[in-house]
*Asks:* 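One structure is given below, represented as structure tokens, and several questions about it will come after.
We name chains A, B, ... by the order of the sequence lines, and we start the count at 1 in each one.
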Number of protein chains: 2
Amino acid sequence: MPTPERTSLAEIVAQAARLLESGGPAAVTMQAVAAAVGVKAPSLYKRVRDREALLGLVGISTADELTRRLTDAGGDLGELLTVFRRFGQERPEAFRLLFASSIDPERLAATSEPVLRATAAIVGSERALDAARLLTSWALGFITMELTGAFRLGGDLDEAFAYGMRHIVGSLTVDQDAVRPAQGS
Amino acid sequence: MPTPERTSLAEIVAQAARLLESGGPAAVTMQAVAAAVGVKAPSLYKRVRDREALLGLVGISTADELTRRLTDAGGDLGELLTVFRRFGQERPEAFRLLFASSIDPERLAATSEPVLRATAAIVGSERALDAARLLTSWALGFITMELTGAFRLGGDLDEAFAYGMRHIVGSLTVDQDAVRPAQGS
DNA sequence: ACCTGAACACCGTTCAAGT
DNA sequence: ACCTGAACACCGTTCAAGT
């Protein structure tokens, strides 16, 4: 005789994400997730293959949320970069998970899309991919170091972010091969 | 009556690093490390506070190794970036650990030193820190995405790296405030 | 002074048994 | 058809007892 469902996959993923953000990956135990959705641990395996798959689903939902924010941000490159950074600050654990685990290529492509459109408008579709990778790499590295606390030599981080943004975006609007190097200091 | 030492802290850290690289963080169990150095798990606690502290020591030794390579690389910025990338490719797990966990600020300062010297020579000591952060962020992000396999939209990664390097290094030799934007595509 | 077996708490996962 | 208790393997860590 059928038993009524006491939870859902969506709720499981949501609670796992909540536990991740509040206590890091170690806090996402199957028992803690089960308790959060009002069920015992073995029941989770009806909806999820194992813990790794569950974390993968959290990663996917994180990617989708980021995609939504980027899409809503409009086409300005500075705006996109700022939204990206703010997302990392608001959900540091989810952000780390997203770029630590490997995500489904199609989801990632969707996340890249707003950035690609913005770079295409500046450097043309030919160079849009390289430019998007330049921007994404820099922002990812900056946010990672900011979250890890690797920026400990002092200085204003907001200013450092603006400095980087100015230089990176600026470099796209210049034909690098035509730039004559300035003298030192 | 004293018992002769059957291992050493250095050997423990070395074996932990070896296990990390060959099987990821999950392979670094206290039992596996103990077996690798010829001892039982409880004995490790004579030399290491707990597993987390052991991984911290692996991180420190990784930072020191990276510092050594960067110092030996000379002062050319492109050379430094290439050495950085190669290190990530050779020791992906150690690289990930290094930038995931938080490392002792002094060790990190030592690692930054070669980069800071190189940027100071180009933009002056005033802006050396911001410039070093720009370069390090970009390289860290690029390597992270390369290792995770996030670059799946095709294209030549060596070329993408060279593209980024050209633009980032190039942007340092230009006064961004004086650059007039080019028109789109 | 270092090493170990035994023990404990905790976790992921499986499965037979319940409804 | 979903849920659970019981069980298993495995892990980190502690500690009394060995040498």
*Asks:* Does D/dA1 have its OP1 or OP2 closer than 4.0 Å to a side-chain nitrogen or oxygen of A/Arg47?
*Replies:* no
*Asks:* Who does D/dC3 pair with, Watson-Crick or G-U, both distances under 3.5 Å?
*Replies:*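 Here D/dC3 is not engaged in any pair, so there is no nucleotide opposite it.
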*Asks:* Among D/dC3, D/dT13, C/dC3, find the nucleotide with the atom closest to the side chain of B/Met30.
*Replies:*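 Looking only at side-chain atoms, B/Met30 lies closest to D/dT13.
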*Asks:* Just call it for B/Arg49: base, sugar-phosphate, or nothing, with non-hydrogen atoms closer than 4.0 Å on any strand.
*Replies:* nothing
*Asks:* Tell me what A/Ser43 touches on the nucleic acid: a base, only sugar-phosphate, or nothing, going by heavy atoms under 4.0 Å.
*Replies:*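 The residue A/Ser43 makes base contact.
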*Asks:* Counting Watson-Crick and G-U wobble pairs only, both distances under 3.5 Å, name the nucleotide matched with C/dA17, or none.
*Replies:* none
*Asks:* When you get a sec, tell me which of D/dT13, C/dC3, D/dC11 is the closest nucleotide to the side chain of B/Arg6?
*Replies:* C/dC3
*Asks:* Given C/dG12, D/dT13, C/dT13, identify the nucleotide with an atom nearest to the side chain of A/Thr29.
*Replies:* C/dG12
*Asks:* Side chain of A/Arg51 only, heavy atoms from C-beta on: which candidate in D/dG5, D/dG12, C/dG12 is closest?
*Replies:*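 Closest nucleotide among those given: C/dG12.
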*Asks:* Can you tell me if B/Arg96 uses its side chain to pair, donor with acceptor, with the backbone of B/Gly24 under 3.5 Å?
*Replies:* no
*Asks:* Please give, in whole Å, the distance from D/dT19 C1' to B/Lys40 NZ?
*Replies:*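 That distance rounds to 17 Å.
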*Asks:* Does C/dC8 have a Watson-Crick or wobble mate here (both distances under 3.5 Å), and if so which one?
*Replies:* D/dG12
*Asks:* Is there a donor-acceptor pair closer than 3.5 Å between any side-chain N or O of B/Ser171 and the backbone N or O of B/Ile168?
*Replies:*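 Checked: pair present.
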*Asks:* If you only use heavy atoms from C-beta on, which nucleotide in D/dT14, D/dA6, C/dC3 is closest to the side chain of A/Pro42?
*Replies:*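 Nearest listed nucleotide: D/dA6.
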*Asks:* As a test of reading the structure: which of D/dG12, C/dG12, D/dC3 is closest to the side chain of A/Tyr45, going by heavy atoms?
*Replies:* C/dG12
*Asks:* So, is the end of the B/Arg133 side chain (NZ or CZ) under 6.0 Å from the ring centre of A/Phe151 and within 45° of the ring's axis?
*Replies:*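 Here B/Arg133 passes the 6.0 Å and 45° test against A/Phe151.
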*Asks:* Pick one: which of A/Glu146, A/Glu79, A/Glu90 meets salt bridge (Lys or Arg N to Asp or Glu O under 4.0 Å) with A/Arg85?
*Replies:* A/Glu146
*Asks:* Of the options D/dG12, D/dC3, C/dC2, whose atoms approach the side-chain atoms of B/Glu5 most closely?
*Replies:* C/dC2
*Asks:* Looking at B/Arg91 and B/Glu65, is there a salt bridge between them, counting it only when a charged N and a carboxylate O are closer than 4.0 Å?
*Replies:*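 A salt bridge is absent here (no side-chain N lies under 4.0 Å from a carboxylate O).
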